[in-house]
K.L.:
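Before I ask anything, here is the structure I am working with.
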Amino acid sequence: MRNKRTELFVGCFIVLGVLAFVYLAVQVSGLAFSGKKDTYQIVARFNDIGGLSDRAKVTIAGVAVGDVESISFDKELYMGLVKMNIVSDVNNIPTDSSVAILTSGLLGEKYLGISIGAEDDVLVEGDEIYDTQSALVLENLISQFLFKSDDSEE
Amino acid sequence: MKAITDLGGWLLNWLEAVGRAGIFLAQSVFRFPVRLNESINLLVKQLYSVGVLSLVIVVVSGAFIGMVLALQGYSILAKFGSEDAVGQLLALALLRELAPVVTALLFAGRAGSSLTAEIGLMKATEQLSSFEMMGVDPLRRVIAPRFIAGVICLPLLSIIFSATGIIGGLVVSVGWLGVHDGAFWSLMQQSVYFDTDIINGFIKAVCFAIVVTWIAVYQGYECLPTSEGIGKATTRTVVLGSLAILALDFILTAAMFGDF
Amino acid sequence: MVDAYINVQNLSFSRGEHVIYKDISLTIPRGKITAIMGPSGTGKTTLLRLIAAQLAPDQGSILVDGQNVHALSRSDLYKLREKMGMLFQSGALFSDMTVEENVAFPMEEHTKLDRDEIHRIVSEKLHSVGLRGAAQLMPSELSGGMARRVALARAVALDPDLVMYDEPFTGQDPISKGVLVKLIRQLNDAAKITSVLVSHDVEESLSIADHVCILAGGRVIAEGSAEAIRASEDPQVKQFLNGEPDGPVPFHYPEAESSDKAAL
């Protein structure tokens, strides 16, 4: 049956296409099909966000616990306003924690690292982390080193 | 003065041709599902000749392009000591650009030219007139299933191309060049995003599919029904199709990935 | 007055600069075989396409069974075409279907007959053209004469009122020609079909036609019964029938006119 054979091949072709799609989604992009995780949002203001981008990861002790939602400019304080979503499971970040913009490797992507504080109160939806450490900008670093200037950066 | 008149005339002719092709497309697609059962049979036949028969060339080219990318990428990345990023390079290059563009170019050469030639030959042997004489619309019967099959097949082929390309690159970089496979995957997963990279690549493939198949069936339908006419139409399909893909790719890339 | 099935009135048609018909009128009687003859390039095939409304005339009208075909809506036209069969010059069998599927195609499209019924009619039609044994072959496996007989079976599958034959004898060996002549005659007499035959094969056409029209230079130069045409004294008609190389129809193509190959 010529017709049945054609149908079989076409069926295989479509299955192959779908499998390849799932493979790309899961294995290549690391997409998790567990649905959208519950998150809560916190904000932080930085003097210099230096190359941080949307959807960069947020880590605690090197483990990803969320990502950056948006980056905007705070007109009144002249600072970079970063909104980030943290997964609900991690609901015990002390309010006096600090956040820094870090770089993976020498030239890698920028990401946020949260260092845990000591307070008993924890951050909830809409809270702000006040203790921030800006991105390491190579030019500033070099000029500090060369001129031994002592204006410290927050 | 004459040059300006010529330019105006050229533009009007061109617009008229595009308009005719647009009406042609609309007529064939919107009249398609007259009888579902028969339509599906016709579609399956075309999916076979357009899609399944293009599979080999796509898989083979995908694997080789992936392997070459891995080799080239490795030799440069190794200079910076970041040869682990070869997976990232491979996946982004394939998903965003190479898979949709190369698959569409191969598709224009393999399936597009054969669609044009087939439809042109049906015209030359009066089969299209014959459908009309039997009160059957050739647009619905001949053009629509071919067009729809093309639009379904090319995105699927493009995805298969990406997957085989990544596997080809994996074999070369991990199996042969000794890249650490954990780093290969994790760097790839870190930098590839499902919605921006995979979905955007898919959207590109769908756009290319519409344009290439449209050009192919229209050239076949409008060709002069002689052996010379069919030959010219087939060439035009490949040339116009390829140029359209590359131009459209620039526009789509600018819209999707260009952060202005 | 003959009972006209098709009435062509004051028809003019041109392709670009090239005038093909200039104000011609002719009638095709019901239930008879009409042969339309003329030298190559006089647009005989074009006339068939005009009758089937695949082309639209510049002026004039064509009435088929009392309906002006060029004033019909698309769906009415398609309905009218179900009553027309056409045998194309090349046969025009659908190359992706078997012989049987080809003949069954018009019935599957336009009737609600079930599979067995269609199968029975297909066998019958193929039997009438002597090709029942070839039902499972693909068109590419047929000889030219066989393909034309299959196309004939397909053209009459819906028992049409009108069958148009476009150059049925061209490129056929004498035996095939004889078979086709016999088949056309049989079909016409058995089913009371109106047949229109376009040809430049003088002998075959005159032998079966009841009514003959000769076209030349965009005009009708003679119209009448086969005997009347044979007896005609008109020099143009005589030249055509006897195949004289030169005469009123010039041997040389006029030089000043455009040589548009697309015009038939």
Side-chain angles (χ1 to χ4, degrees), chain B residues 23 27-28 30-32 34-50 53 114-115 117-146 149 220-230 232-233, chain C residues 45-46 48-49 51-55 72 74-97 101-112 139-140 144 147-148 150-151 154-158 160 162-167 260-264:
Chain B
I23 292 168
Q27 281 181 342
S28 41
F30 291 122
R31 287 193 202 144
F32 180 46
V34 172
R35 272 182 308 174
L36 203 62
N37 204 3
E38 185 211 1
S39 306
I40 287 175
N41 273 341
L42 288 173
L43 189 61
V44 166
K45 227 182 234 179
Q46 292 310 319
L47 284 175
Y48 180 78
S49 62
V50 172
L53 296 182
S114 87
L115 281 179
E118 189 190 8
I119 295 170
L121 208 62
M122 288 177 90
K123 186 176 187 183
T125 54
E126 297 174 309
Q127 293 182 45
L128 295 183
S129 295
S130 194
F131 276 121
E132 265 181 44
M133 274 308 301
M134 288 181 196
V136 175
D137 187 348
L139 292 181
R140 165 171 82 72
R141 177 67 214 233
V142 177
I143 307 297
R146 285 171 172 75
Y221 191 76
E222 287 285 302
C223 74
L224 280 180
T226 58
S227 34
E228 194 197 0
I230 295 171
K232 276 186 180 161
Chain C
T45 306
T46 308
L48 293 188
R49 286 180 189 268
I51 292 172
Q54 285 188 333
L55 296 171
L72 290 177
R74 209 188 141 75
S75 54
D76 286 342
L77 177 63
Y78 271 38
K79 225 167 268 162
L80 179 70
R81 282 188 188 156
E82 288 174 30
K83 292 195 286 179
M84 297 180 178
M86 183 146 166
L87 182 68
F88 285 91
Q89 204 163 342
S90 58
L93 294 177
F94 303 132
S95 44
D96 56 347
M97 302 183 201
E101 287 165 345
N102 259 290
V103 180
F105 181 74
M107 283 181 273
E108 280 170 359
E109 278 295 317
H110 295 302
T111 65
K112 299 222 175 330
S140 53
R148 226 167 276 194
V150 173
R154 188 180 66 179
V156 298
L158 287 176
L162 169 70
V163 180
M164 293 182 272
Y165 301 92
D166 186 6
E167 304 277 9
D260 185 2
K261 270 191 228 157
L264 293 169

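Reminder, nothing fancy here: chain letters follow the sequence lines and each chain counts from 1. Nothing here was measured: the structure is a model prediction, and the numbers come from that model.
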K.L.:
Give the intermediate values and the outcome of side-chain contact (heavy atoms from CB on, under 4.5 Å) for residues C:Phe94 and B:Arg141.
P.N.:
CA-CA 12 Å; C:Phe94 303 132; B:Arg141 177 67 214 233; over 6 Å; no
K.L.:
Measure the CG-OG distance between C:Leu48 and B:Ser129 for me, rounded to the nearest 0.5 Å.
P.N.:
11.5 Å
K.L.:
Looking only at heavy atoms, which two atoms of C:Asp96 and B:Lys45 are closest? And how far apart?
P.N.:
O-NZ, 3.8 Å
K.L.:
Quick one: what part of C:Leu93 sits under 4.5 Å from any heavy atom of chain B, side chain, backbone, both or neither?
P.N.:
backbone
K.L.:
Before accepting this row, confirm whether a basic side-chain N of the pair C:Arg49/B:Glu132 lies closer than 4.0 Å to the acidic partner's carboxylate O.
P.N.:
no
K.L.:
Locate the shortest heavy-atom distance separating C:Phe105 from B:Val136; write the atom from each residue and the value.
P.N.:
CE2-CG2, 3.9 Å
K.L.:
What distance separates C:His110 NE2 from B:Met134 CE, expressed to the nearest 0.5 Å?
P.N.:
8.0 Å
K.L.:
Please name the pair of heavy atoms, one in C:Ala92 and one in B:Ser130, separated by the smallest distance, quoted to 0.1 Å.
P.N.:
O-OG, 3.7 Å
